[in-house]
2 protein chains.
Amino acid sequence: MDAAEFRRRGKEMVDYIADYMETIERRQVYPDVQPGYLRPLIPEEAPEAPETYEDVVKDIERVIMPGVTHWHSPYFYAYFPTANSYPAMLADMLSGAIGCIGFSWAASPACTELETVMLDWLGKMLKLPQEFIAGTSGKGGGGHTGGTASEATLVALLAARSRKVKQIRSEEPDLSEAQVISRLVAYASDQAHSSVERAGLIGGMRMRKIPTDEKFAVRGEALRRAIEEDKAAGLIPFYFCATLGTTPSCAFDRITELGPVCNAEKLWMHIDAAYAGSSFICPEFRPLLDGVEFADSFNFNPHKWLLVNFDCSTMWVKKRSDIIGHWQIPLGRRFRSLKMWFVFRLYGVRGLQAYIRQHVKLAKEFEGLVRKDGRFEISADVVLGLVCFRLKGSNDVNETLLKRINAARRIHLVPCQLAGRFVLRFAVCARTTESRHVQQAWQHIAELASEVLQSSQRCLALVGPAHPKPSGLGSGPVTVEVRSPLFVKYRTPHLFIHSFDAFSENLPT
Amino acid sequence: MDAAEFRRRGKEMVDYIADYMETIERRQVYPDVQPGYLRPLIPEEAPEAPETYEDVVKDIERVIMPGVTHWHSPYFYAYFPTANSYPAMLADMLSGAIGCIGFSWAASPACTELETVMLDWLGKMLKLPQEFIAGTSGKGGGGHTGGTASEATLVALLAARSRKVKQIRSEEPDLSEAQVISRLVAYASDQAHSSVERAGLIGGMRMRKIPTDEKFAVRGEALRRAIEEDKAAGLIPFYFCATLGTTPSCAFDRITELGPVCNAEKLWMHIDAAYAGSSFICPEFRPLLDGVEFADSFNFNPHKWLLVNFDCSTMWVKKRSDIIGHWQIPLGRRFRSLKMWFVFRLYGVRGLQAYIRQHVKLAKEFEGLVRKDGRFEISADVVLGLVCFRLKGSNDVNETLLKRINAARRIHLVPCQLAGRFVLRFAVCARTTESRHVQQAWQHIAELASEVLQSSQRCLALVGPAHPKPSGLGSGPVTVEVRSPLFVKYRTPHLFIHSFDAFSENLPT
């Protein structure tokens with residue numbers, strides 16, 4: 001393909017993308033396909049000779065689209081949002097064309113420098129303490145981008161390990177590094193994302209889960225107690241990963257209590273605000289970040305809720321010297337900061353704030369609808385764009401409801417476990433979601449709930465109280481202790497971990 | 001920005017990209033800017049109100065392009081190539097629009113399934129042993145994509161650690177996991193990429209470097225000796241990372257010798273062929289991969305030399321069960337396989353082979369030019385698209401030559417250290433490099449060499465044999481032992497590791 005053909009095909013692709021976005025709500029949000037659907041649709045080997053572009057492009061609708069879960073459909077309420085905006089797409093096209101690999105200043109100065117300045121812009125939007133802003137001094141703190149929050153959690157943990165090993169060995173020079181590491185213990189919420197525990201596994205260190213309160217938040221006292229127990233047992237506490245906006249319920253660890261504990265005990269405090277972080281650009285949500293001044297590092301994903309297409313995970317540290325020379329897992333990366341630059345300028349801070357507020361408003365609207373229906377209950381405080389709700393009643397009936405919702409394919413939700421209960425999560429996700437979509441979604445859920453409750457009552461009437469479990473999705477909440485509170489029930493060893501979380505009846509076997 | 005404006009701006013961007021590609025050789029390959037150039041060119045904070053697209057787009061040439069190192073210029077011969085093709089860019093636009101996060105089958109079945117099939121296509125193009133191909137059985141081996149080879153190295157190391165811990169503890173149930181881990185030792189070439197050593201640091205395990213032979217290759221006997229020594233010292237060898245196509249000189253570890261050693265000693269053998277892997281689609285280069293049948297895992301980067309834009313690093317394992325549940329570092333990822341699908345179909349296997357062969361031919365052409373000039377020597381076998389060469393003479397004179405080359409800005413090269421010698425690397429990188437560019441580059445290098453040799457002789461004449469070291473790039477080869485053989489001398493703690501490798505006189509301080 002030469003430049004002339006690219007001009008033509010690129011413009012066709014721009015139109016295809018615009019068409020896709022403009023008509024996405026006409027597509028079924030969750031696909032009908034069964035595992036293994038794709039392989040028979042295409043040849044078993046790559047072609048020897050080039051095919052035509054027409055051959056390829058017609059396969060987008062034949063092969064790809066039937067198997068796409070449309071994350072940007074206004075009927076998609078699953079997981080958390082992933083960002084998608086026209087400015088970010090334009091910037092990403094440019095990033096692909098420049099195609100530099102940003103592993104060093106010399107490898108592309110603009111790439112390194114724009115990133116540093118964009119992290120300052122964003123840090124100021126979040127009103128981060130001055131220590132996290134790079135500025136011109138080249139000393140102290142600053143930010144950089146990575147691919148995902150999982151990487152940031154790991155990077156922070158490894159930096160914390162180095163710092164603690166150095167500290168302990170300066171106090172007790174006879175101890176070997178391995179001896180110190182074997183006594184280290186890290187902490188995180190029992191609601192933390194699976195990647196936090198995985199970071200500990202990767203680093204080969206203990207990771208202790210701190211029990212949360214009735215709001216699913218870690219409190220200072222709970223952490224203090226764990227630290228004291230572990231110190232008494234000869235361990236060395238070194239790292240706490242606080243979560244602001246947990247995956248199951250968007251709960252907020254109490255960092256104003258936790259920060260002083262970490263500082264006094266010389267633990268590295270990392271804050272993971274993967275989803276919620278974007279909201280802190282709004283003054284009314286910024287208090288949720290109060291306590292960040294105690295943290296050593298802070299991370300969130302603009303690629304979730306700040307209209308910057310995946311991937312763009314931003315991390316700040318107070319002392320660059322704690323990180324330098326360490327632990328960026330991938331060396332290369334795209335020119336990601338172009339996406340931030342385009343999005344911040346073409347929306348402006350006010351436009352981004354309006355976007356966040358619109359999602360929160362829609363979540364509140366949905367919460368109001370749930371609360372008005374006496375059959376349902378709200379399972380966790382609705383703070384941002386996530387509503388956790390359930391039918392008053394058994395886990396089984398809620399599992400059945402979720403199964404019906406996803407089987408109907410009109411909207412798409414995923415569940416979570418909260419305090420042993422099966423809970424439905426309604427996350428406002430798409431940029432184009434409006435009140436009418438939320439109203440339709442609720443009406444649909446309420447109707448399916450009526451069907452489920454009726455058939456549940458028929459079942460009770462037939463077999464009495466000890467009725468057999470309705471055919472549900474799995475074997476109940478027995479697997480709660482598996483790592484990810486969100487996906488635990490549907491995990492299956494398909495190929496790699498990212499291929500596991502097959503949902504509802506489409507489980508690969 | 002609405003869909004209508006995106007249609008207009010997207011098409012303008014397509015034209016901008018095509019213009020950029022068509023005229024790239026008129027741009028200076030390496031920028032003139034000094035560290036810190038960008039910050040004063042843009043505001044200190046994000047705008048409150050949206051700016052216009054015109055405002056943003058005019059800043060591409062004002063702010064960005066003056067600081068870009070043009071990796072796709074035919075005058076770029078630094079590092080290794082990074083891929084850039086029109087079909088990949090088109091697919092990536094589509095990937096951005098679909099914007100699914102491929103962490104599970106359900107999150108987007110097409111994303112997971114196309115990836116599995118594309119890895120089979122590519123595995124067959126490489127003639128990988130059947131055990132690495134997923135096929136339809138869902139058992140045994142298969143491939144997946146990650147972001148970089150660094151991740152693959154780490155994933156393999158962690159899987160190897162798990163496997164060995166399990167094996168040892170089944171033999172000696174009294175040992176704790178920590179006790180086993182503290183005795184583990186991994187191996188890699190002394191020419192291996194810095195990320196290999198870093199993987200060991202991250203996992204908290206010993207990594208021993210195996211000395212290479214006169215071809216910069218690890219031999220079976222050298223590995224066997226290290227294993228025996230370490231076993232005698234009570235350690236547990238568990239992992240060997242072989243490199244096919246090392247970063248400094250594109251050397252090939254002798255995996256036909258090493259594989260049987262690893263298999264007999266129950267070491268996990270991982271093969272990192274980040275750059276060279278793409279060439280194995282050509283029958284004449286496939287013998288370089290002979291011995292892969294002994295490996296547990298194999299990785300290379302189509303985003304380097306197979307026309308699939310960054311990022312796309314492909315990894316195969318013989319037993320998925322060794323990896324399942326473990327160690328994918330980032331959970332989310334883009335719909336990367338679309339890029340492979342477009343590229344494989346629009347080039348065809350023959351088109352991709354022709355592309356590889358063209359680069360190798362150009363490297364051979366350059367090698368021929370060097371060999372014809374008696375002032376120069378070739379420093380390592382030219383097998384693929386990299387030529388390592390130097391002036392016969394001191395490291396200082398070669399450092400001065402490289403400095404002159406990069407200061408002239410007409411072409412861009414980086415150096416390496418080989419057996420204590422300062423060596424220039426000439427890597428054929430851009431898709432559009434032709435014979436005329438290579439000829440021009442050589443003519444330019446030869447002219448600068450004449451200047452350098454003349455001034456060096458003048459210097460000698462003035463001060464005699466014990467002349468002071470010419471003002472060079474650094475303090476000589478004293479820092480050879482630092483991790484990356486390629487970038488070691490220019491590393492400086494600017495911000496994060498990816499921001500360090502500022503080159504030549506543009507060192508941030």
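Numbered from 1 within each chain, the chains take letters A, B, ... in sequence-line order.
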Measure the CG-CZ distance between L90(A) and R9(B) for me, rounded to the nearest 0.5 Å. 9.0 Å
Kindly say whether G99(A) contributes a backbone atom to a donor-acceptor pair with the side chain of N84(B) at under 3.5 angstrom? no
Side chain, backbone, both or neither of M205(A) within contact of chain B (heavy atoms, under 4.5 Å): neither
For atom CD of E44(A), decide whether the heavy atoms of other residues, nucleotides or ligands shown that lie under 6.0 angstrom number more than 12. no
Taking F310(A)'s backbone N and O only, do any of them form a donor-acceptor pair with R334(B)'s side chain (distance below 3.5 Å, no angle check)? yes
Does any heavy atom of chain B fall under 4.5 Å from the side chain of D2(A), the backbone, both, or neither of them? backbone
Under 4.5 Å heavy-atom distance to chain A, tell me which part of Y16(B) shows up: side chain, backbone, both or neither. side chain
Is the Y79(B) ring parallel, tilted or perpendicular to the F103(A) ring (thresholds 30°, 60°)? perpendicular
How long is the span from the CG atom in L201(B) to the CG atom in L158(A), to the nearest 0.5 Å? 9.5 Å
What part of L122(A) lies closer than 4.5 angstrom to a heavy atom of chain B: side chain, backbone, both or neither? neither
Look only at the side chain of R39(A) and the backbone of L114(B), and say whether a donor-acceptor pair between them is shorter than 3.5 Å. no
Ion pair R7(A)/D15(B), N-O distance below 4.0 Å: yes
If I compare all heavy atoms of I42(B) with all of W121(A), which pair ends up nearest, and what's the gap? CD1-CZ2, 4.2 Å
Checking M21(A) against chain B: side chain, backbone, both or neither under 4.5 Å from a heavy atom? side chain
Parallel, tilted or perpendicular, as decided by the 30° and 60° cut-offs, for the rings of F342(A) and Y53(B): perpendicular
Basic-acidic side-chain contact under 4.0 Å: K11(A), E12(B): no
Chain B contact via M118(A) - side chain, backbone, both or neither, heavy atoms under 4.5 Å: side chain
Taking 4.0 angstrom as the limit, do D311(A) and R333(B) come out as a salt bridge? no
Checking the side chain of D92(A) only, and the main-chain atoms of M93(B) only, is there a donor and an acceptor separated by less than 3.5 Å? no
Is the backbone N or O of A107(B) less than 3.5 Å from a side-chain atom of W71(A), with the two atoms forming a donor-acceptor pair by type? yes
Here's a test for you: under side-chain contact (heavy atoms from CB on, under 4.5 Å), which of T112(A), V117(A), T116(A) qualifies with L38(B)? V117(A)
Measure distances from E22(B) to the heavy atoms of chain A and classify the residue's part below 4.5 Å as side chain, backbone, both or neither. side chain
Does E113(A) reach the main-chain N or O of Y37(B) with its side chain, forming a donor-acceptor pair under 3.5 Å? yes
Would you say the side-chain atoms of S108(B) pair up with the backbone N or O of T69(A), donor to acceptor, closer than 3.5 Å? yes
Please classify the contact between D55(B) and chain A as side chain, backbone, both or neither, with a heavy-atom cut-off of under 4.5 Å. both
